[in-house]
Novice: 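Below you'll find the structure I mean.
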Amino acid sequence: MGLPRGHLRPFSTAAVRLRRPPSGSISHEVKDNKEWQQELEQHIARGQLALARQVFDRIPAPDARAYNALIRAYSWRGPFHAAIDLYRSMLYFRVPPNKYTFPFVLKACSALADLCAGRTIHAHAAAVGLHTDLFVSTALIDLYIRCARFGPAANVFAKMPMRDVVAWNAMLAGYANHGMYHHAIAHLLDMQDRGGLRPNASTLVSLLPLLAQHGALFQGTSVHAYCLRAYLDQNEEQVLIGTALLDMYAKCKHLVYACRVFHGMTVRNEVTWSALIGGFVLCDRMTEAFNLFKDMLVEGMCFLSATSVASALRVCASLADLRMGTQLHALLAKSGIHADLTAGNSLLSMYAKAGLINEATMLFDEIAIKDTISYGALLSGYVQNGKAEEAFLVFKKMQACNVQPDIATMVSLIPACSHLAALQHGRCSHGSVIIRGLALETSICNSLIDMYAKCGRIDLSRQVFDKMPARDIVSWNTMIAGYGIHGLGKEATTLFLSMKNQGFEPDDVTFICLIAACSHSGLVTEGKHWFDTMTHKYGILPRMEHYICMVDLLARGGFLDEAYQFIQSMPLKADVRVWGALLGACRIHKNIDLGKQVSRMIQKLGPEGTGNFVLLSNIFSAAGRFDEAAEVRIIQKVKGFKKSPGCSWIEINGSLHAFVGGDQSHPCSPDIYHELDNILIDIKKLGYQADTSFVLQDLEEEEKEKALLYHSEKLAIAFGVLSLNEDKTIFVTKNLRVCGDCHTAIKYMTLVRNRTIIVRDANRFHHFKNGQCSCGDFW
DNA sequence: TTAGGGTTAG
């Protein structure tokens with residue numbers, strides 16, 4: 001036959017080594033081809049592929065039928081290379097392949113995603129006029145789609161003289177697997193209109209995950225109705241269809257329907273359970289998700305798999321239930337599943353989210369072949385645990401190991417720059433996403449907006465925002481929040497209005513960002529207006545976070561009594577964060593009586609954080625009541641709470657320099673302290689007086705003045721003055737709020753050293769210039 | 001048919 005010379009590589013001699021003496025249960029008799037064929041097929045039917053191969057090798061002159069039987073067996077479960085090798089040997093011995101050969105050898109190519117071999121075999125089939133055969137064409141479509149070649153797949157489909165539902169399904173599965181929603185829907189309609197075919201169970205099993213991915217609940221419900229009408233949910237594929245429907249409802253966050261499908265199923269498998277558990281996790285109903293997981297275990301241990309445990313581990317991470325998480329870890333180890341990559345990554349992520357970053361690192365080291373997700377889980381673990389520099393090291397290691405970062409990796413990495421307030425690192429990460437072609441991805445832009453805002457470049461945030469091809473609600477919220485931390489309440493409001501004009505519905509987070517922006521800008525009336533708008537116009541039920549913002553807004557604006565009344569009128573029981581916001585304002589406005597009252601309320605709730613002890617102690621100190629301040633600190637110590645030390649840092653030429661109060665560890669310390677002493681002399685000439693009420697200990701006035709002078713933010717600024725040219729802005733970040741005395745002193749520093757100074761503290765940005773601060777002393 | 005890392009607020 002006239003097969004064209006293809007590009008298949010020459011087969012190995014091993015592949016054509018024939019006629020070995022028989023062994024084992026192989027017959028020694030002389031047989032005709034029909035008898036050999038029977039023996040061959042018997043072994044194949046029993047799954048004895050090695051014996052089948054021995055029989056095949058005994059056949060003196062195997063015909064196409066013998067070749068096809070073995071190729072089909074190999075293409076079913078592998079080894080797939082053996083199927084292709086056998087096809088090559090068929091060509092070598094000039095046994096013409098037929099319409100029963102091509103579909104199976106193509107299936108093997110598809111399993112190996114071997115496009116090169118597949119194309120050659122396509123050419124062979126075309127040469128003998130078999131390329132438009134129904135089964136050959138379907139196998140070709142499968143192959144091309146597996147290799148993401150939609151054009152050739154569509155060409156093959158178009159040339160088919162007749163198509164059955166399997167052929168239509170092959171194309172549909174391709175569109176669906178690649179998330180091509182519109183192509184898939186158009187193809188489905190075409191199948192019914194032009195093809196005159198009704199979708200079968202396979203059609204819908206391909207289609208439903210796509211609908212789930214796109215949250216297409218309406219279409220999904222129509223599919224459900226179709227299943228019921230066509231009795232598709234009652235055949236032997238009930239588990240597949242039922243699970244796909246359940247998953248679609250779960251991903252569309254319609255758990256009532258998902259549960260209804262689940263309870264209506266008479267047969268369930270591990271996937272069914274995993275899909276439902278995943279749905280509850282998606283809807284943040286963690287306790288119910290975990291109960292379902294336990295029910296699943298009760299129903300049968302055979303359901304335990306890496307996938308179902310992955311959801312359960314996510315629940316443990318979210319509920320911070322480490323005890324249960326470690327039990328699951330043990331369960332996985334006992335079942336031998338812990339070596340699975342999914343399971344390993346899930347465990348690693350659980351420990352990282354629980355703050356046990358060392359355990360997470362150990363697990364990471366134990367994973368033999370790490371993928372992008374393993375690196376991503378560890379990297380985000382470091383970022384979430386405040387170890388931004390370690391996160392960069394993981395990123396470097398990832399690149400060294402040739403594991404490609406993807407969108408999620410970069411979205412995890414970019415906030416590390418925000419945490420360090422390291423603009424240089426941030427710009428490098430921006431460059432990195434540009435090189436990778438990811439710079440216009442919505443989630444990437446969102447983290448860039450946030451990063452630039454937190455690194456003091458709100459102008460660059462806005463540039464990224466303006467250039468985005470598609471924005472989501474997070475984009476708008478992040479930009480509004482960015483304006484908020486820069487004290488640009490008016491800009492935040494303007495952006496909110498244009499968001500509405502562009503047809504975006506604000507969500508609960510939008511209002512948190514907006515009210516916080518008003519709070520940081522002293523726009524008390526506007527903030528109150530937006531809170532009312534949120535509840536009355538948008539029907540958003542305020543969460544504790546909204547109340548915190550409102551108390552902060554009122555109290556910081558000086559309306560301490562109104563804030564107190566507001567807390568009393570809350571429908572929720574105010575938690576420590578709400579009272580903490582009021583206590584913080586009592587400190588700023590030096591209202592000791594209310595501060596004491598509030599601190600009593602906090603004590604009733606039980607101390608849940610260290611910040612409140614510090615605040616209360618500060619209030620007493622500010623009033624000169626040092627004994628009581630000391631008492632609060634003793635209680636704090638006895639109860640085992642540690643105050644995080646105030647720390648400031650500054651980036652000079654891409655390197656970070658960190659300082660704590662009174663720090664002398666920096667190599668330039670003598671120069672820094674000398675410069676600070678000179679600055680103190682100069683600013684005193686302009687009228688600066690140290691506000692010693694900010695000193696927490698009972699010291700002599702002069703000592704108090706020194707204690708203030710060496711606050712971490714002042715040390716960092718002095719280092720900035722020494723290291724940067726006059727035209728450069730000094731940008732300092734502080735982990736706590738900037739102290740009141742420093743705030744005053746920095747204003748004077750801008751005058752005596754002719755500098756622009758930006759301090760990003762735990763709360764907001766302070767732009768100091770010409771003796772003024774952008775916050776208008778409202779911090 | 002399921003599943004593992006990611007962006008906003010307080």
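First the proteins, then the strands, lettered A, B, ... as listed; each starts at 1.
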Novice: Applying a 4.0 Å non-hydrogen cut-off, can you work out what A:A481 is touching in the nucleic acid: base, sugar-phosphate, or nothing?
Specialist: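 Sugar-phosphate only.
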
Novice: Report which part of the nucleic acid A:V474 touches: base, sugar-phosphate, or nothing (heavy-atom distance under 4.0 Å, all strands).
Specialist: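 Result for A:V474 = base.
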
Novice: What does A:I407 touch in the nucleic acid at a heavy-atom separation under 4.0 angstrom: a base, only the sugar-phosphate, or nothing?
Specialist: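 Answer is base: heavy atoms of A:I407 come under 4.0 Å of a base.
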
Novice: By the salt bridge (charged side-chain N to carboxylate O under 4.0 Å, His left out) test, which pairs, at least two apart or in different chains, include something from residues 348-362 of chain A?
Specialist: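 Non-adjacent pairs meeting salt bridge (charged side-chain N to carboxylate O under 4.0 Å, His left out): zero.
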
Novice: Across the strands shown, which category fits A:D552 at heavy-atom distances under 4.0 angstrom: base, sugar-phosphate, nothing?
Specialist: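 Touches nothing.
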
Novice: Fit a plane to each ring of A:F511 and A:Y538, take the angle between them on a 0 to 90° scale, and name the class: parallel (under 30°), tilted (30 to 60°) or perpendicular (over 60°).
Specialist: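 Ring orientation, 0 to 90° scale: tilted.
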
Novice: Students often mix this up, so state it plainly: with edges at 30° and 60°, are the rings of A:F392 and A:H425 parallel, tilted or perpendicular?
Specialist: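 A:F392 and A:H425: perpendicular rings.
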
Novice: Which is true for A:S475 with a 4.0 Å heavy-atom rule: it touches a base, it touches only sugar-phosphate, or it touches nothing?
Specialist: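 No contact at all - A:S475 keeps every heavy atom at 4.0 Å or more from the nucleic acid.
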
Novice: Would A:K397 and A:Y375 count as a cation-pi pair here, with the cationic atom under 6.0 angstrom from the ring centre and within 45° of the axis?
Specialist: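 No - A:K397 does not lie over the ring of A:Y375 by the 6.0 Å and 45° rule.
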
Novice: Counting any heavy atom closer than 4.0 Å, what does A:S443 reach on the DNA or RNA strands: base, sugar-phosphate only, or nothing?
Specialist: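 Base, at least one base heavy atom under 4.0 Å.
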
Novice: Classify the ring geometry of A:F293 against A:F290: parallel below 30°, tilted from 30° to 60°, perpendicular beyond 60°.
Specialist: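 Tilted: the ring planes of A:F293 and A:F290 meet at 30° to 60°.
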
Novice: A:A408 near the nucleic acid: base, sugar-phosphate alone, or nothing, with a heavy-atom cut-off under 4.0 Å?
Specialist: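 Result for A:A408 = base.
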
Novice: For A:T342, report the nucleic acid contact type (base, sugar-phosphate, nothing); a contact means any heavy atom under 4.0 Å.
Specialist: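 Result for A:T342 = base.
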
Novice: Check this for me: does any side-chain nitrogen of one of A:R462 and A:D466 sit under 4.0 Å from a carboxylate oxygen of the other?
Specialist: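 Looking at A:R462 and A:D466, the cut-off is met.
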
Novice: Would you mind classifying the nucleic acid contact of A:T409 as base, sugar-phosphate or nothing, using non-hydrogen atoms under 4.0 angstrom?
Specialist: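 The residue A:T409 makes base contact.
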
Novice: Base, sugar-phosphate alone, or nothing: which one does A:R314 contact when heavy atoms must sit under 4.0 Å apart?
Specialist: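 Counting heavy atoms under 4.0 Å across all strands, the contact made by A:R314 is with sugar-phosphate only.
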
Novice: Heavy atoms under 4.0 Å, any strand shown: does A:S346 hit a base, just sugar-phosphate, or nothing?
Specialist: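 Touches sugar-phosphate only.
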
Novice: Can you pull the contact range of chain A along DNA chain B, 5' to 3', using atoms under 4.0 angstrom from its heavy atoms?
Specialist: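 Listed 5' to 3', the contact boundaries are B:dT1 to B:dG10.
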
Novice: Would you classify A:T478 as touching base, sugar-phosphate or nothing, given that sugar-phosphate means primed atoms plus P, OP1 and OP2, and contacts are heavy atoms under 4.0 Å?
Specialist: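 Contact class for A:T478: sugar-phosphate only.
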
Novice: Assess whether atom CD1 of A:I369 is packed by more than 12 heavy atoms of other residues, nucleotides or ligands within 6.0 Å.
Specialist: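 Counting other residues, nucleotides and ligands, CD1 of A:I369 stays at 12 neighbours or fewer.
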
Novice: Mind checking if A:D472 touches a base, just sugar-phosphate, or nothing, with heavy atoms under 4.0 Å?
Specialist: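 Since no nucleic acid heavy atom lies under 4.0 Å of A:D472, the category is nothing.
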
Novice: Please classify the nucleic acid contact of A:Q384 as base, sugar-phosphate, or nothing, using heavy-atom distances under 4.0 Å.
Specialist: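 Answer is sugar-phosphate: A:Q384 comes under 4.0 Å of backbone atoms only.
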
